[in-house]
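In what follows, every chain begins at residue 1, and chains take the letters A, B, ... in the order their sequences are listed.
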There are 2 protein chains.
Amino acid sequence: MDRFLSNAVNRIDSKGRVSVPAHFRSVVQKRGFTELYALRALDIPAMDVGGLDLLDRYEERIAQEDPFLQTADDMSFFVHGDGTFLKLDQDGRITVTDFLREHTGITTDVAFVGRGLFFQIWEPERLKAHGQEVRARLLKLRQAAGSGVTAGQSAGSGVTAGQSE
Amino acid sequence: MDRFLSNAVNRIDSKGRVSVPAHFRSVVQKRGFTELYALRALDIPAMDVGGLDLLDRYEERIAQEDPFLQTADDMSFFVHGDGTFLKLDQDGRITVTDFLREHTGITTDVAFVGRGLFFQIWEPERLKAHGQEVRARLLKLRQAAGSGVTAGQSAGSGVTAGQSE
DNA sequence: TATTCGCCCATGGTACCCCATAGATCAAAT
DNA sequence: ATTTGATCTATGGGGTACCATGGGCGAATA
């Protein structure tokens, strides 16, 4: 399997390090990532983490915009300014910096959530709350639109698969 | 990686010096910048810092304007008249001049923000405020983008709509 | 002369390397 | 099925190199 799947909660040690789940590490290796790129998610207190391809994809998107309009500038500000590299140490751990803590609210434990081509980092309690919100939204969506909706909507999303515990 | 990424806040010492983040310095070297140019960003209290290519970028923008309009002349004046060199000392520090302070509002601390091919210098509090504005605009953009976005929105991740796959 | 600027070194903190260990997981064997 | 043993994984800690920061000093400048 070369997709990020399932989720796990690990503890931050006294030096501020936390193990990336072994399964995720093997995916990272299989996909040939040498560095991890982490980005603050827009409207949720989580970091999106992936390989350089994640960054490439964003930069391609930015390139489509008129480089002198505000939108392109905003996007670059977001992708470059609110992004960072996470270095895996030799034991497969990352250092949880203030930058990560600030956006996520992480203090002592880190939740890792597989999302297919990338994964996310959460503060465990907030993840739980968010999971319930997502579930409620999906339920409402299905009830509103009838039976065929689930398949049609989840086509480009991966939410239904990745979020379930 | 040879792009300016992530952000950091460093303190100005009693001599008016501040360290450029080590990661940025390595990018400067990798990209072969022999000198750093600092230009006033157009509509924000920040300095754009980069190599010669930074000037090219600005001039390209000016070229887009009608040369008979005042805008082009204003821009040229602004860019060429208000640029400086930033000299890195042996320990990778730059001196924060009054010129920098004036445009940015910097007093005791400097925020460095990666922007891909260049980086920016901000007063930390103003940066934070600007970041919130940018995020709000991007969020609005995504919500306005239409139906395909719904899934991407719960996926919570990026500027682009189709997040996974 | 007074001030600034560039170069040098010192230091505390942090990030990274290496190794150790307890618990979990899995396999084979009884 | 239970037990036993080998491997894998998360976690802890020691040591080291790097980095941000502070300060000294001499040369250039005003």
Quick tally for nucleotides 11-17 of chain D: nucleotides whose base has a protein heavy atom under 4.0 Å get B, sugar-phosphate-only ones S, the rest -, giving BBBBB--
Would you name the heavy atoms of A:S19 and A:R93 that are closest together and state the gap between them? OG-CG, 3.4 Å
Taken to the nearest whole Å, CG/A:L86 to C1'/C:dA15 is 13 Å
Taking only residues two or more places apart in sequence or in another chain, which ones pass ring-ring contact (aromatic ring centres under 6.0 Å, His included) with B:H130? A:F77, B:W122
Using modelled atom types and a 3.5 Å cut-off, is there a donor and acceptor pairing between side-chain atoms of B:H103 and backbone atoms of B:A46? yes
For atom NE2 of A:H23 and atom P of C:dT25, their distance in whole Å: 15 Å
Separation of B:Q29 atom CD from D:dC19 atom C1', in whole Å? 15 Å
Just how far, in rounded Å, is C1' of C:dT4 from CG of B:D89? 14 Å
Spacing between A:D109 atom CG and D:dA10 atom P, to the nearest angstrom: 14 Å
Residue of the set B:R135, B:K128, B:R115 for which salt bridge (Lys or Arg N to Asp or Glu O under 4.0 Å) holds with A:D82: B:R135
Would you call the rings of A:F119 and A:F24 parallel, tilted or perpendicular, taking 30° and 60° as the class edges? tilted
Taking atom P of D:dA20 as reference, at what distance in whole Å does atom CZ of B:F24 sit? 11 Å
Taking side-chain hydrogen bond (donor to acceptor under 3.5 Å, both in side chains) as the test, write out the residues that go with B:D109, two or more places apart. none
In a check of side chain to side chain contact (heavy atoms under 4.5 Å, CB included) between B:I94 and each of B:V110, B:I121, B:V49, B:D89, which one passes? B:I121
A:E65: which residues meet the side-chain hydrogen bond (donor to acceptor under 3.5 Å, both in side chains) condition with it, sequence neighbours left out? A:R61
Distance in angstrom units between B:I94 CD1 and C:dC5 P, rounded: 13 Å
Looking at B:T95, does any N or O in its side chain come under 4.0 Å of the phosphate oxygens OP1/OP2 on C:dC5? no
All side-chain hydrogen bond (donor to acceptor under 3.5 Å, both in side chains) counterparts of B:D56, not counting sequence neighbours: none
For DNA chain C, the dot-bracket notation using Watson-Crick and G-U wobble pairs below 3.5 Å, [ ] for pseudoknot-type crossings and | for other-strand pairs, is ||||||||||||||||||||||||||||||
Roughly how many Å is it from CZ in A:F112 to P in D:dT9, rounded to a whole number? 15 Å
